[in-house]
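Report on one structure; see the data block that follows.
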Amino acid sequence: MSRLHRYYLAPDLVITYPDGQPQLLLPSVKRTFKVDWKVCEIISMFSSEDTSLQPIFSESMVTSIIDHLVKNGILIDKETEDNLATEQIVTEWQDWDESSWFLHLQTKDTKFETTEEGRLQNVDKFRKMSSPPPQYFKCNCTSSSIKLPTPSKLLDQTLVNSFMQRRTCRRFSEEPISLQNLADVLFYSGGILFTNDTHSYGIVAKKPSPSPGGRHSTELYPVVNACEGLRSGVYHYCQKHHALHLIEAEEVVKPFLNEVLYGQDYFLNAAVTVFYTSVLDRLKWKYKTSRVYRLMHLETGHYAQNFLLTCSALDLGGFVTAAFKDSVIEEKLGVCGIREVAMYVSGIGHIVPDENKRSDIEYAQVLPEGIEICLPIGEHS
């Protein structure tokens, strides 16, 4: 079969077996093909280095299958450069696993309806196809509720100072933070400012942190190490009532934090460590494409930035880390890891001051006059 030398398989070809049947996916063009074992047999010929392999069925059938594979971009002509960009991504991203380029290609250039006219045209269709919007918050206040103080106005701090003082803190004292401090960081990260009923998307919550489509899939779970007025343990923040629900009291939380944060011991003395999750149904209800996976991460980043800037405004240290054990967190929080998944970690506490002036710092020349920058301690542990 001379044609075996003419073509090669698309570099982003992925084969899956939903319901036990083979399915071909080309994320670069967002196309899916259900096939049978005959097509898989032909594909295997192009994936083998042994060019002497011969198909087990007629040449006319082989030719027909190859023509269809070429037409649909599964086989690429070696004489063309049509797939060069995809090849470069797959090759240059190979230090990561296949999920990186697959997700990027699958979610690239996803279509969004951004005009009001276009949205209105689809409202009736959207309403008929969609179930009612999922609830935009989790609440366990009927079983237990610890009311948090009203958020403070943070009047003693300016925005520019919050920017300049924000640093990742890796050395915390064991001094407790106040309940007011915790109330502030939770509210300005994930608290509800107001809600309004929209013409097509149900009741939407508005918060200090932005959210794709106003879906606010993020939930916050504080793990309290040292906070005045609270027992040590694992909590959930009810954004609806600005309250805490105690999931599990635990006299010492550091062993759990040490395990789940892969031994990042420089965070263990933080007064409160907050775990972020994402409730997928809130985003999936509106967005029907896999690009929603990108949106989850964008939203979590917005929440975390507000968390850190609030820490700075309170003259407290803050940190974020993406190095955590998802499954351990999800089990501890009592979430399934399917419809609600672990996303991020941040923490707050009192800073151990650096008594030695750093000598390895070169200040930028464009800093505003009279601004002091908080310098972190150089070593981690």
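As the structure is a prediction and not an experimental result, all values here were calculated from the model.
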- Message: Looking only at the side chains, is there a donor atom on one of S312 and R166 sitting less than 3.5 Å from an acceptor on the other?
- Response: no
- Looking at CG of L309 and OG of S162, how far apart are the two atoms once the value is rounded to the nearest 0.5 Å? 6.0 Å
- Looking at CG of L69 and CZ of F46, how far apart are the two atoms once the value is rounded to the nearest 0.5 Å? 7.5 Å
- Could you tell me whether the side chains of N140 and S143 share a donor-acceptor contact shorter than 3.5 Å? no
- Query: Which atoms form the tightest heavy-atom contact between L367 and M164, and what is the distance?
  - Reply: CD2-CE, 4.2 Å
- Could you give the distance from CG (L268) to CG (L261), rounded to the nearest 0.5 Å? 7.0 Å
- Item | Side chains of C238 and L244 in contact at under 4.5 Å (non-hydrogen atoms) | no
- Message: Between D67 and S64, is there a side-chain donor-acceptor contact under 3.5 Å, judged purely by atom types and distance?
- Response: no
- Task: Check step by step if side chain to side chain contact (heavy atoms under 4.5 Å, CB included) holds for R231 and L246.
- Result: CA-CA 9 Å; R231 301 167 65 185; L246 178 61; 3.9 Å; yes
- Under the side-chain hydrogen bond (donor to acceptor under 3.5 Å, both in side chains) rule, what do E251 and S232 come out as? Steps first, then yes or no, please. CA-CA 6 Å; E251 187 174 344; S232 296; over 6 Å; no
- Message: Under a 3.5 Å threshold, yes or no: a donor from one side chain and an acceptor from the other, between S178 and E228?
- Response: no
- Task: Determine, using ring centers only, whether H242 and F187 are less than 6.0 Å apart.
- Result: yes
- Task: Look only at the side chain of Q135 and the backbone of F137, and say whether a donor-acceptor pair between them is shorter than 3.5 Å.
- Result: yes
- Query: Is a salt bridge present between K325 and E331, judged by a nitrogen-to-oxygen distance below 4.0 Å?
  - Reply: no
- Minimum heavy-atom separation for A342 to I329, with atom names? CB-CG2, 4.0 Å
- Flag yes if V279 and Y276 sit in one hydrophobic cluster, no otherwise; membership is Ile, Leu, Val, Met, Phe, Trp, Tyr, and two members link when side-chain heavy atoms are under 4.5 Å apart. no
- Taking side chain as C-beta onward, heavy atoms only, is I247 less than 4.5 Å from Y235? no
- Item | Y8 six-ring face occupied by K78 cation (under 6.0 Å, within 45°) | no
- Can you tell me if NZ on K147 sees more than 12 non-hydrogen neighbours from other groups inside 6.0 Å? yes
- Would L230 and I146 count as a side chain to side chain contact (heavy atoms under 4.5 Å, CB included) if you check the C-alpha gap in whole Å, the side-chain angles of each, and the deciding distance to 0.1 Å? CA-CA 9 Å; L230 290 179; I146 303 167; 4.0 Å; yes
- Query: Would you say Y293 has more than 12 foreign heavy atoms packed within less than 6.0 Å of its OH?
  - Reply: no
- Message: Are I42 and L25 connected into the same hydrophobic cluster when the rule is that any two of I, L, V, M, F, W, Y join if their side-chain heavy atoms are below 4.5 Å apart?
- Response: no
- Without hydrogens or angle criteria, can the side chains of K254 and N269 be said to hold a donor-acceptor pair below 3.5 Å? yes
- Item | Check against side chain to side chain contact (heavy atoms under 4.5 Å, CB included), V328 and D326 | CA-CA 6 Å; V328 177; D326 306 54; over 6 Å; no
- Shortest non-hydrogen contact between F324 and V345, atoms and distance: CD2-CG2, 3.6 Å
- Query: Do S278 and S217 get their side chains close enough for a donor-acceptor pair, meaning under 3.5 Å?
  - Reply: yes
- Decide yes or no on side chain to side chain contact (heavy atoms under 4.5 Å, CB included) for R294 and K108, but give the supporting numbers first. CA-CA 10 Å; R294 288 197 197 188; K108 187 175 181 180; 4.2 Å; yes
- Is C227 close to L179 at the side-chain level, that is, under 4.5 Å between some pair of heavy atoms? yes
- Message: How long is the straight-line distance from CG of N306 back to CG of L186, given to the nearest 0.5 Å?
- Response: 12.0 Å
- Message: Is any side-chain heavy atom of W285 closer than 4.5 Å to one of S131?
- Response: yes
- Message: Any non-hydrogen side-chain atom of I43 less than 4.5 Å from a side-chain atom of L24?
- Response: yes
- Message: If we ignore hydrogens and angles and just use 3.5 Å, is the side chain of N72 paired with the main-chain N or O of I74 as donor and acceptor?
- Response: no
- Side chains of T277 and E340: do they bring a donor and an acceptor to under 3.5 Å? yes
- Interatomic distance, T158 atom OG1 to F163 atom CZ [nearest 0.5 angstrom]: 9.5 Å
- Centroid separation H216 to Y136 less than 6.0 Å: no
- Query: So, the side chain of D19 versus the backbone of Q21: is there a donor-acceptor pair under 3.5 Å, distance only?
  - Reply: no
- Task: Over all heavy atoms of both residues, which pair between A270 and N225 is shortest? Give the atoms and the distance, please.
- Result: O-ND2, 3.2 Å
- Query: Looking only at atom types and distance, does a side-chain atom of T91 sit under 3.5 Å from a main-chain N or O of Q88, one as donor and one as acceptor?
  - Reply: no
- Query: Are the charged groups of K332 and E248 less than 4.0 angstrom apart, N to O?
  - Reply: yes
- Task: Decide whether D184 and S152 meet the rule of one side-chain donor and one side-chain acceptor closer than 3.5 Å.
- Result: yes
- Task: Check each of R339, E219, M296 against R282 using the side chain to side chain contact (heavy atoms under 4.5 Å, CB included) test, and report the only one that passes.
- Result: E219
- Task: Check the side chains of Y237 and K138 for a donor-acceptor pair under 3.5 angstrom, ignoring hydrogens and angles.
- Result: no
- Query: When you measure from the side chain of S100 to the backbone N and O of W96, does any donor-acceptor pair fall under 3.5 Å?
  - Reply: no
- Message: Do T110 and Y287 have side chains that approach each other closer than 4.5 Å (heavy atoms only, starting at C-beta)?
- Response: no
- Message: Quick one about S144 and H245 (side-chain donor to acceptor, distance below 3.5 Å, no hydrogens or angles considered), yes or no?
- Response: yes
- Message: Check for me, please, whether I338 and M343 land in the same ILVMFWY cluster - side-chain distances under 4.5 Å, paths through other members count.
- Response: no
- Query: Is there a donor-acceptor pair closer than 3.5 Å between any side-chain N or O of R31 and the backbone N or O of L26?
  - Reply: no
- State, to 0.1 Å, how close G190 and Y303 come at their nearest heavy-atom pair, and which atoms those are. CA-CE2, 3.5 Å
- Would a distance-only check, ignoring hydrogens and angles, find a side-chain to backbone donor-acceptor pair under 3.5 Å from D281 to K284? no
- Message: I'd like to check K206 versus I192 (side-chain heavy atoms, cut-off strictly below 4.5 Å). Are they in contact?
- Response: no
- Message: Taking the side chain as everything from C-beta on, heavy atoms only, tell me whether V204 gets closer than 4.5 Å to T195.
- Response: no
- Item | Expected output: side-chain T16 to main-chain P18 donor-acceptor under 3.5 Å | no
- Task: Output yes when a side-chain donor or acceptor of E330 lies under 3.5 Å from a complementary backbone atom of V341, and no otherwise.
- Result: no
- Query: Are Y7 and F33 linked, directly or through other ILVMFWY residues, by side chains that come within less than 4.5 angstrom of each other?
  - Reply: yes
- Query: Applying the 4.5 Å side-chain criterion to the ILVMFWY set and letting contacts propagate, would W101 and L9 be lumped into a single cluster?
  - Reply: no
- Task: Of all the heavy-atom pairs spanning A271 and I177, show the shortest one and how long it is.
- Result: CB-CG2, 3.6 Å
- Can you measure from NE2 (H104) to CG (D12) and round to the nearest 0.5 angstrom? 12.0 Å
